[in-house]
Amino acid sequence: SSDVQSPQIQCPENIEVETETGQSYATVNWTIPAATDNSNEILKVIGLRPPQQFEAGRTEIPYKVMDSAGLTTSCNFTVKVTGICFRLIN
């Protein structure tokens, strides 16, 4: 029988962090999504490898998994880096 079931992939929850002290970016770490398939084969997960540096703002991180039958599933999550431009010190 041919494989007609797409693999499953579960992306991490969205991440929100502040920029590193005195910098315009944050270094963000996360767990690479685990993929499963009904064929119990090793699956190739395509996407960024953590950790990564992100500038202030919102970045969408996509992941895709493909099984040997060519069936694909994708997911994504968002990394939001909030920058603090300056703080007033009295």
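The structure presented is a predicted model; accordingly, all values stated were derived computationally and were not measured.
When all heavy atoms are compared, the tightest approach of T72 to K64 is CG2-CE, 4.2 Å. Of all non-hydrogen atoms in T19 and Q23, the two that sit nearest each other are CB-O, 3.5 Å. Heavy atoms only, all atoms of each residue included: I15 and N29 are closest at CD1-O, 4.1 Å. Of all heavy-atom pairs spanning Q5 and D67, the tightest one is O-OD2, 3.7 Å. Of all the heavy atoms in V65 and P7, the pair that sits closest is CG1-CG, 3.9 Å. Nearest heavy atoms, V28 versus V17: CG2-CG2, 3.9 Å.
Of the options T59, N14, I61, a side-chain contact (heavy atoms from CB on, under 4.5 Å) to T78 is made by N14 and by none of the others.
Side chain of E20 to main chain of T27: a donor-acceptor pair is present (N/O by atom type, distance under 3.5 Å, no hydrogens or angles). Y63 places a side-chain N or O within 3.5 Å of a backbone atom of L48 that can act as its donor or acceptor partner. In this structure, D37 contributes its side chain and N40 its backbone to no donor-acceptor pair below 3.5 Å. Looking at Q53, its side chain never comes within 3.5 Å of a backbone N or O of Y25 through a donor-acceptor pair.
The shortest side-chain heavy-atom distance between E16 and T82 falls under the 4.5 Å cut-off.
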Exercise for the section: Please assess F77 against E13 for the test side chain to side chain contact (heavy atoms under 4.5 Å, CB included), listing each intermediate value before the final yes or no. Expected result: CA-CA 6 Å; F77 68 100; E13 295 292 311; over 6 Å; no
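When only modelled atom types and interatomic distance are considered, E55 and S24 share a side-chain donor-acceptor pair under 3.5 Å.
In this structure, the separation between OG1 on T31 and CD on Q10 is 12.0 Å, given to the nearest 0.5 Å.
With hydrophobic clusters built from ILVMFWY side chains whose heavy atoms lie under 4.5 angstrom apart, I32 does not share a cluster with M66.
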